[in-house]
Amino acid sequence: MTKRQASTFFTAKLLNPVVRAAVRLGLPLQLVVILETRGRKSGQLRQIPVGKTLDGDTLWIVAEHGRKASYVRNIEANPRVRVRVGRRWRTGTAHVLEDDDWRERQRRLPNKVNSAAVRAVGTEHVTVRVDLDPAGAAGPGPASG
């Protein structure tokens, strides 16, 4: 089993279901937000926990498996996303930043626990920036389109 396969199994089968259950129960999550994309093939809405690294109206994500991560490929097909921060959903537009230095980006991010985990399990890192629409704006999310 490769490092990527082990990491994907752990997050998909063990960690993400626990986080999703906590979100459904309304429990506060200090270290993660839920990112919702539209499946590039199925058209279905997909939700994945990602490290909570908000800077004002910008969410920063360092994807540990780069373009091999389904949510990154979904973003490339349709950059409109929703992000659940606490109990609120916000819409935004995601951008995959090819030329961003992900290591330097992580040094500046406040979520050191998530950053360490991403470095440890990652194989092909890439930075994703999500520009959130102003709070209260009713812009289209991944459900449209």
Task: Heavy-atom closest contact (G66 atom, V126 atom, distance) - done: CA-CG1, 3.4 Å
TODO: Kindly say whether N74 contributes a backbone atom to a donor-acceptor pair with the side chain of R38 at under 3.5 angstrom?
DONE: no
Task: Closest heavy-atom pair and its distance - T91, R82 - done: CG2-CG, 3.9 Å
Open item on the list: So L54 and L132, do their side chains get closer than 4.5 Å, heavy atoms only?
Closed with: yes
Task: Euclidean distance, S42 OG relative to R40 CZ, rounded to 0.5 Å - done: 8.5 Å
Open item on the list: Determine whether V128 and V50 satisfy the following criterion, side chain to side chain contact (heavy atoms under 4.5 Å, CB included), listing intermediate values before the conclusion.
Closed with: CA-CA 11 Å; V128 177; V50 297; over 6 Å; no
Task: Closest heavy-atom pair and its distance - A63, V72 - done: CB-CG2, 3.7 Å
Task: Nearest heavy atoms of Q47 and I34, plus distance in Å - done: CB-CG2, 3.7 Å
Open item on the list: I want to check something: taking the side chain as every heavy atom from C-beta on, are R80 and T93 in contact at a cut-off of under 4.5 Å?
Closed with: yes
Task: Test side-chain hydrogen bond (donor to acceptor under 3.5 Å, both in side chains) applied to Q44 - qualifying residues, sequence neighbours left out - done: none
Open item on the list: Could you work out, with side-chain hydrogen bond (donor to acceptor under 3.5 Å, both in side chains) as the rule, every residue matching T58, not counting sequence neighbours?
Closed with: none
Task: Note, R84 side chain near V33 side chain (heavy atom, < 4.5 Å) - done: no
Task: Distance-minimising heavy-atom pair for R90 and P134 - done: NH2-C, 3.9 Å
Open item on the list: Going by side chain to side chain contact (heavy atoms under 4.5 Å, CB included), name the residues that satisfy it together with D55, two or more places apart in sequence or in a different chain.
Closed with: W60
Open item on the list: Distance check, rounded to the nearest 0.5 Å: L59 atom CG versus K52 atom NZ?
Closed with: 10.5 Å
TODO: Please round to the nearest 0.5 Å and tell me the distance separating atom OG1 of T37 and atom CZ of R73.
DONE: 11.0 Å
Open item on the list: Does this structure show an ion pair linking E104 with R107, if we count only N-O contacts that are shorter than 4.0 Å?
Closed with: yes
Open item on the list: Taking the side chain as everything from C-beta on, heavy atoms only, tell me whether W102 gets closer than 4.5 Å to L97.
Closed with: no
Open item on the list: Applying salt bridge (Lys or Arg N to Asp or Glu O under 4.0 Å), can you list everything that pairs with D101, at least two apart in sequence or on another chain?
Closed with: none
TODO: Kindly write out the residues that satisfy side-chain hydrogen bond (donor to acceptor under 3.5 Å, both in side chains) with T53, not counting sequence neighbours, or none if the list is empty.
DONE: none
Task: Heavy-atom pair of closest approach, residues D133 and G92 - done: OD2-N, 3.8 Å
Task: Point-to-point distance, once rounded to the nearest 0.5 Å, from CZ of R46 to CG of L35 - done: 13.0 Å
